[in-house]
Amino acid sequence: MNPATFAYHRADSVDTAIALLAQYGEESKLIAGGHSLLPIMKLRLAAPAHLIDITRIDGLDGIRDEGDRLVIGALTTHHAIERDDLVRTLMPLLAETASVVGDRQVRNRGTIGGALAHADAAADYPAAILALNAELIAVGPEGERGISAGDFFLDFLTTALTPAELLTEIRIPKLPPRTGSNYQKLANQASGYAVAGVAAVVTLDDGGVVADVRVGITGTVAAARRAAATESALMGKQADEAAIQQAADLATEGLEPLADLHASAEYRLRVTRGLTRRALTAAVARARG
Amino acid sequence: MRVPVTVTVNGTAQRAEVEPRQLLVQFLRDDLGLTGAHIGCETSQCGACTVLLDGAVIKSCTTLTVQVDEQAITTIEGLAPRGTMHPVQHAFWEEHGLQCGYCTPGMVLSAVALLAEDPHPDEGEIRHAIEGNLCRCTGYHNIVRSIQAAAEKLAAGAAPTPVNGRSSPTT
Ligand SMILES: Cc1cc2nc3c(=O)[nH]c(=O)nc-3n(C[C@H](O)[C@H](O)[C@H](O)COP(=O)(O)OP(=O)(O)OC[C@H]3O[C@@H](n4cnc5c(N)ncnc54)[C@H](O)[C@@H]3O)c2cc1C
Ligand code: FES
Ligand code: FES
């Protein structure tokens with residue numbers, strides 16, 4: 001089971017990759033870990049004539065502390081994120097999310113940049129990226145631009161990236177004190193992908209009142225999104241069981257749920273509300289310390 | 001158009017001209033005759049094709065040969081000198097960690113990579129590490145036991161042991 005024939009190019013810099021994308025246009029595809037692209041190429045659902053390997057570009061890999069934010073290179077693998085000390089201490093939500101992506105072999109090859117650019121509806125990172133209010137940095141022929149997580153995921157396999165652009169890094173603002181987070185996922189038993197996934201980030205004030213809350217939902221819908229009604233229901237409230245339950249019940253408000261052989265629409269909505277309650281409960285407990 | 005690559009396989013630099021669409025598992029099995037990496041599902045699910053890339057487990061059916069140019073691959077054949085078993089292989093043998101053996105090369109390599117990173121994993125960590133390796137025979141319990149036994153062997157400094165009861169004609 002091989003992909004259709006293609007020409008292989010190895011970019012040694014971001015500029016080369018962008019030049020190659022410009023040269024070959026729609027006939028070309030970037031390849032990072034290849035763990036979304038190669039399976040669909042083997043099934044001949046995609047048949048790019050030119051593959052541009054970006055994994056040898058220096059500086060796109062790794063995690064940096066930049067004072068008020070953590071910066072994650074697009075080529076950083078899921079496994080590196082799962083194990084990184086900076087991520088585990090400053091952004092445990094991301095490490096927790098990375099640890100439940102696929103399996104160990106997938107985590108060794110797959111990259112966060114590839115996962116976000118591919119934007120599978122059942123992918124895990126989108127929920128965390130939304131809840132962490134990350135900014136995604138894209139470089140194209142016109143230079144660099146930042147895209148906020150909320151504007152990034154548009155539809156099935158569709159993001160705000162243009163075909164001429166390369167995602168270079170993800171910038172995540174550091175979290176204030178008394179902040180807790182959690183990711184809850186219902187994994188498809190066969191594939192491991194998320195039937196539904198909910199990430200929550202909660203900041204409490206001195207009196208235990210919710211000072212900030214962000215909830216990201218993936219899997220349930222074609223494009224990952226925030227649970228706005230849940231967030232506003234919880235803001236300014238004492239984060240007790242009743243308030244969490246009430247807010248979680250609103251998580252699916254306005255969602256157009258997916259329905260497929262893995263889960264019906266009704267089941268997905270129900271599970272999403274349940275996962276939201278669990279994610280909020282765990283996040284609040286961690287925020288209390 | 002073929003592309004020149006140099007891949008170090010089990011310690012030997014292999015130079016070849018390969019089609020870009022060639023999968024690493026095809027390079028290993030068809031070009032190099034290393035049939036220890038099995039082809040199970042060919043769709044990234046089963047882990048029978050698992051090999052080590054610079055020490056980390058990967059699925060060689062979901063990796064192109066050109067992607068591992070100038071990198072080092074270890075297959076089950078390269079784990080221990082011919083005629084001997086690596087302590088992890090020995091532990092699988094002693095603890096009945098295999099039945100038909102189809103998943104075993106991948107399973108052993110996943111165990112080797114786990115124990116290199118984390119010499120004393122608990123049961124949960126072992127099960128997390130072998131999530132990408134499906135076994136249709138054993139029910140996994142004996143595999144987990146094998147890996148626990150292997151951890152003890154390696155901690156005690158075990159060396160490769162001769163393959164029991166059989167002297168290899170080439171050694
Ligand atoms: C068996 C299996 C199980 C999996 N389970 C899960 C799971 O449970 N949860 C989950 O979230 N994911 C899962 N995945 C997907 C996995 O996380 C992939 O690694 C990820 O989706 C893609 O990352 P990649 O680096 O492999 O990208 P590639 O496959 O190389 O690329 C994917 C797409 O993104 C583009 N791209 C890659 N990098 C960039 C960049 N820097 N800038 C712009 N475009 C880029 C490519 O052109 C391509 O279109 C699974 C995959 C497999 C094979
Ligand atoms: S053959 Fe590679 S994962 Fe099954
Ligand atoms: S021993 Fe038969 S598949 Fe594992």
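Every chain is numbered from 1, with letters handed out A, B, ... down the list of sequences.
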Open item on the list: Could you go through A:Gln105 and B:Glu131, starting from their C-alpha distance and side-chain angles, then the distance that decides it, and tell me whether this counts as side-chain contact (heavy atoms from CB on, under 4.5 Å)?
Closed with: CA-CA 9 Å; A:Gln105 290 91 324; B:Glu131 262 171 4; over 6 Å; no
- [ ] Test side-chain contact (heavy atoms from CB on, under 4.5 Å) on B:Lys59 and A:Arg104 and set out the steps.
- [x] CA-CA 10 Å; B:Lys59 292 173 180 170; A:Arg104 183 56 204 271; over 6 Å; no
TODO: Go through B:Thr43, B:Leu114, B:Leu134, B:Asn133 and name the one with the most non-hydrogen pairs under 4.5 angstrom from chain A.
DONE: B:Asn133
Open item on the list: Run the salt bridge (charged side-chain N to carboxylate O under 4.0 Å, His left out) test against A:Arg268 and tell me which residues pass, sequence neighbours left out.
Closed with: A:Asp260
Open item on the list: Can you confirm whether more than 12 heavy atoms, excluding those of A:Glu26, are under 6.0 Å from its CD atom?
Closed with: no
Open item on the list: For A:Arg278, I'd like to know if atom CZ has over 12 heavy atoms of other residues, nucleotides or ligands within 6.0 Å.
Closed with: no
Open item on the list: Determine whether B:Leu23 and A:Lys42 satisfy the following criterion, side-chain contact (heavy atoms from CB on, under 4.5 Å), listing intermediate values before the conclusion.
Closed with: CA-CA 10 Å; B:Leu23 305 174; A:Lys42 284 162 73 180; 4.0 Å; yes
Task: Toward chain A, the part of B:Ala56 with a non-hydrogen atom under 4.5 Å - done: both
Open item on the list: Within the supplied structure, the quantity of interest is the number of heavy atoms (other residues, nucleotides, ligands) at a distance under 6.0 Å from A:Tyr267 OH; does it exceed 12?
Closed with: no
TODO: Could you tell me which residues satisfy side chain to side chain contact (heavy atoms under 4.5 Å, CB included) with A:Thr55, sequence neighbours excluded, listed by chain and number?
DONE: A:Asp53, A:Leu75
Open item on the list: Using a 4.5 Å heavy-atom cutoff, which residues in residues 62-72 of chain B come close to chain A?
Closed with: B:Thr62, B:Thr63, B:Leu64, B:Val66, B:Gln67, B:Val68, B:Asp69, B:Glu70, B:Gln71
Task: Region of A:Leu51 in contact with chain B, defined by heavy-atom distances below 4.5 Å - done: side chain
Task: Partner chain A: residue of B:Ser44, B:Cys61, B:Gly47 with the largest heavy-atom pair count (under 4.5 Å) - done: B:Cys61
TODO: Indicate yes or no: at least one non-hydrogen side-chain atom of A:Met41 is less than 4.5 angstrom from one of B:Arg21.
DONE: no
- [ ] Please flag which part of A:Ile31 lies under 4.5 Å from any non-hydrogen atom of chain B: side chain, backbone, both or neither.
- [x] side chain
Task: Side-chain donor-acceptor contact under 3.5 Å, A:Asn2 with B:Glu19 - done: no
Open item on the list: With a strict 4.5 Å heavy-atom criterion, list every residue of residues 108-119 of chain A that contacts chain B, or say none.
Closed with: A:Asn108, A:Arg109
